[in-house]
Every structure is written in structure tokens, then in C-alpha cells.
Amino acid sequence: MNHFGYKNGTLHAEDVSLTALADWVGTPFYCYSRATLERHYKVFSGALPKDSLVAFSVKANGNLGVLKTLALLGAGADVVSGGEMAKALAAGIPASKIVFSGVGKTKEEMHQALTAGIYQFNVESEPELLALDEVARELNKIAPITLRINPDVDAKTHAKITTGKAETKFGIPFKHARAAYAQAAALHNVEIVGIDVHIGSQLTELEPFEAAFTKVAELAKTLRADGHSITRLDLGGGLGVPYQNNNMPPPDPIAYGKMVARVTGDLECRLIFEPGRLIAANAGVLVSKVLYLKKGDAKTFLILDAGMNDLIRPAMYDAHHEIVAVEEPGPGSERVPYDVVGPVCETSDLFAAGRDLPELNSGDLVAILSAGAYGATMASTYNARPPAPEVLVSGTEWAIVRPRLRHDDLIAQDKIPDWLAG
Ligand code: LLP
């Protein structure tokens, strides 16, 4: 459920008209709903065993306004870079609720995280383990660690967002796990606290989760028998969201929570979750204006002022995003097939091919739905386009939480060397 809907014929975010927002802010822009972020967070955390840590995956949406919204509810953060960690801290998420994942943490990032005193490092390889031990020794600290295990389970999702198969770069192979834990136990500046797993994103079935968590639960018992202290299980993120109304809906958080309790309950571990998309995707839309309607020989193109630099998911993963007119079409109004494209000079700058939409014209506004996760965070300045700004709505209030860059801001990022300046 989300808080975007038509009121008096105009699409609103909570109580704010998107047409009015477009007048105030200009287009394109991202618009997030605070009430939806809160609802998703509460539904998910309420479905989990008590005392679980919900560490929002910052890569899904790193806007400080969004992070602060979640911080106020008690959320932690799952970060994969020093930059994400700095943002989480800046939004008021305490270090004691931050977990650091990722296959390529640098020593500088380890230093930063150890100094901040984060909750845990999810270590993804033996060389990373040795590097972390070394940095912790230099700082005279003990790094709390889990090892991320690659369970070799098929997440049944898009190939580019599956992470739990043996051939992906993520985690330590399941069959090396005992040896890697033995290696970790022999080091003086890391402390084993648990096991970590994350098998992919936009999972639409529970079964792959269950297969992975079952393997993790078995491993926990084996590792305990080997003498390790396993008190936490980090079960990653990945629960999918409905992008299309007519689709089979992904499992709901209640079913997921029950399955987790059944599979891991007897271990009495503290559970950690890293949801990203589930919290943010349907809490955000990308509002864009139709620039031109272009009738080609084979197709009719709706050319928007938002492009793949603002939202790359359709180009990168063939992702489906619903597109709706901001001004509600009248009952029984005709629908026309459009190729909805952006202005970027790439054929892949295509939001939807042959999509039936109400008749639209130059100047009309559309909203690309489910764009709150992996939208703004994956934006770029390709074609020297300032990425869409971000707006957060709360009831009747709204605020620009990331302003639109000006051309001067883009120019200021580059430097002409003295020896070229003439
Ligand atoms: N934890 C780890 C270690 C991850 O790698 C990810 C996502 C998450 C948690 C959060 O997963 P979520 O709950 O959001 O599914 N850009 C792609 C998605 C990439 C996901 C990468 N890792 C997309 O737009 O579909």
C-alpha cells in the first residue's frame, strides 16, 4: 500500500498535488512519501521476531531526508561504502545500528567504520578478513564480524541482481565456510559474532530465501560445534515488491517473517535484515513532463524530460515501471500505445515500449511509479544532464530534499589544467 492516489482528478503524494509540485519545483523530479516509507518500515519490522535489527539498505535510497525518516523510527543502516556510512551517520542513524557489507571495502573505509564503532562488518573474502584484522590491530580495536556465505542458491530473479549463486562474486563459498571461520578465530583483532547471507534482490518467492536460510541455520550449528560463538544471523535484504498490478504479488512480510522464525527460531540468534527496495520502491515516483509527441513510421514516441540518467532501471534490467498520467483521464477515455522515451542519445533510453496510456500531449505530466528505490541513487549526469531533484512529502507539507543542480554546478566539477588554460 502506498500514499499516491488521485484526488479531485489529480495525482497526489499524500495531500500534495503533483501538478502543483511540478509548478513549484519544475520537472523532472522524484517525489517520496514519508507516510509510505513509515508504513513499509513498520509493516516489515512488525512481521519479524522481536529484537531484530532492520538495517535499511542505503544503496536503495540514500537521501538524507529518507534516511532521517527511517532513523526516527529506529532503523539501522546497511552500507557498502564509506560514503553511505557517512550519510547514514549524518542522518542520525547511530553507528551501533550500522552494518557494513560489500566485496571491496578499502582499508580507509575499514578505518572509518572502526573509528565510528559500527555494529558489524560483513566480511566477504579471506583477504578482506586479513586486511580488517590488520587495520583493527593498528587502531587497537576488535572488529565484530560475520562472514558472508555464498549458499549457491538460485534466487530466481533477474541475472544482474542475483548474488547467491557460486558463480557470482559475492560471499565465501559455502564449502569453505568452516575453514574461513577457523582462520578468523585465529586472528586477534576480529571477533566472530555471526553469519551473513544475501542471495539477491527483487525475489518474488519465499522458497529461495528458505533454502538459503536453512543452509545458514545448519552452518550455525556446525560452527557452534566447532567452538565459534554465533549470536547473530544477518539475513540480508531482497524481498520483492509489486511493480505491476496485474502480476503475482511477491510474498508479504508476514509470510516472510513466519518462515524466518520457523527456520532460525531454535538458534536464539539476534536477526538482522537489510531491506532496501521493500521500504523505498513504492514510496517514490518520478514525475516528468511530456516534451514532444513524435509520430514515427512504426511507432508513436512520447518524449519525456526525464531520461535514463534519472532512472536507469528499464535500460539496465528491462525493468517494468507503471506510468500514469498525473491528470486523471476521464472514464472510458481512449488508450494509445506509446514508446515512452527520454531525451538521452541512446536507444536504450526507453522507459516502456508499446505501453497503452491515455492520450497525452506536449506539456502533460506523467508519473513513473515505484521509483523510490534504485532510482535517484543510480542517477548520473550522462549527457551533462543535471539529475532530477528529490522532494519529500509529509501530509500537506513538502520539502526539496535534494535541489536540482545548475549547469554551473556541473561545470565546477571539472578543472581545466593550467597548461591548457592558455
Ligand atoms: N544487502 C545487500 C548485501 C545487498 O547487496 C542488497 C542489494 C541489499 C541488502 C538490498 O536488497 P533489496 O532489499 O533492495 O532487494 N539496482 C538493482 C538492485 C541491486 C541490489 C543490490 N544489492 C535494481 O534496481 O533492481
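Whatever order the structure lists them in is the order used to number ligands and atoms, beginning at 1. What you see below is based on every heavy atom in this structure, not just the backbone, and it leaves out hydrogens, waters and symmetry mates.
- Within the 4.0 Å heavy-atom shell around ligand 1 one finds Gly238.
- The nearest heavy-atom contact from the protein to atom 20 (C) of ligand 1 is Tyr374 OH, 3.6 Å.
- When side chains are defined from C-beta on, Leu203 counts as touching Pro208, because their heavy atoms get closer than 4.5 Å.
- With a 4.0 Å cut-off on non-hydrogen atoms, Phe170 does not touch ligand 1 at all.
- Looking at Arg148 next to ligand 1, no N or O pair under 3.5 Å apart turns up.
- Taking every non-hydrogen atom of Gly237 and a distance limit under 4.0 Å, the qualifying atoms of ligand 1 come out as 9 (C), 13 (O).
- Polar contact check, Gly276 against ligand 1: a nitrogen or oxygen pair lies under 3.5 Å apart.
- In this structure, a donor-acceptor pair under 3.5 Å is absent between the side chains of Thr146 and Asp234.
- Shortest contact from atom 1 (N) of ligand 1 to any protein heavy atom: Glu274 OE1, 2.6 Å.
- No side-chain donor from either of Thr69 and Glu38 sits under 3.5 Å from a side-chain acceptor of the other.
- Using a 4.0 angstrom heavy-atom cutoff, Asp78 counts as in contact with ligand 1.
- Here Ser201 has heavy atoms under 4.0 Å from ligand 1 in both its backbone and its side chain.
- Remark: the Glu322 side chain and the Tyr243 side chain contain no N/O donor-acceptor pair separated by less than 3.5 Å.
- Between Trp398 and Trp24, the ring-plane angle classifies as parallel under the 30° and 60° cut-offs.
- Side chains of Ser57 and Glu274: a donor-acceptor N/O pair is absent below 3.5 angstrom, by distance only.
- In this structure, Arg232 satisfies the cation-pi test against Tyr119, with its NZ or CZ atom closer than 6.0 Å to the six-membered ring centre and inside 45 degrees of the ring normal.
- Considering only non-hydrogen protein atoms, atom 19 (C) of ligand 1 sits nearest to Ile161 CG2, 3.7 Å.
- The shortest contact between atom 24 (O) of ligand 1 and any protein heavy atom is with Arg313 NE, 2.6 Å.
- A heavy-atom separation below 4.0 Å is found between Pro275 and ligand 1.
- Looking at Tyr317 next to ligand 1, an N or O pair under 3.5 Å apart turns up.
- Nearest to atom 21 (C) of ligand 1 by heavy atom, out of His198, Gln202, Lys59, is Lys59.
- Residue Ser57 has at least one heavy-atom neighbour below 4.0 Å for each of these atoms of ligand 1: 8 (C), 9 (C), 10 (C).
- Glu346 and Tyr382 form a side-chain donor-acceptor contact under 3.5 Å, judged by distance and modelled atom types alone.
- Of all the heavy atoms of Met378, the ones lying under 4.0 Å from any atom of ligand 1 belong exclusively to the side chain.
- By the criterion of a heavy-atom distance under 4.0 Å, neither the backbone nor the side chain of Leu203 is placed next to ligand 1.
- When atom types are taken as modelled, the side chain of Arg148 and the backbone of Gly102 share no donor-acceptor pair closer than 3.5 angstrom.
- Aromatic ring centres of Tyr6 and His12: separated by at least 6.0 Å.
- A ring-centre distance under 6.0 Å is found for Phe209 and Tyr256.
- Contacts between Arg277 and ligand 1, counted as non-hydrogen atom pairs separated by less than 4.0 Å, involve both the backbone and the side chain.
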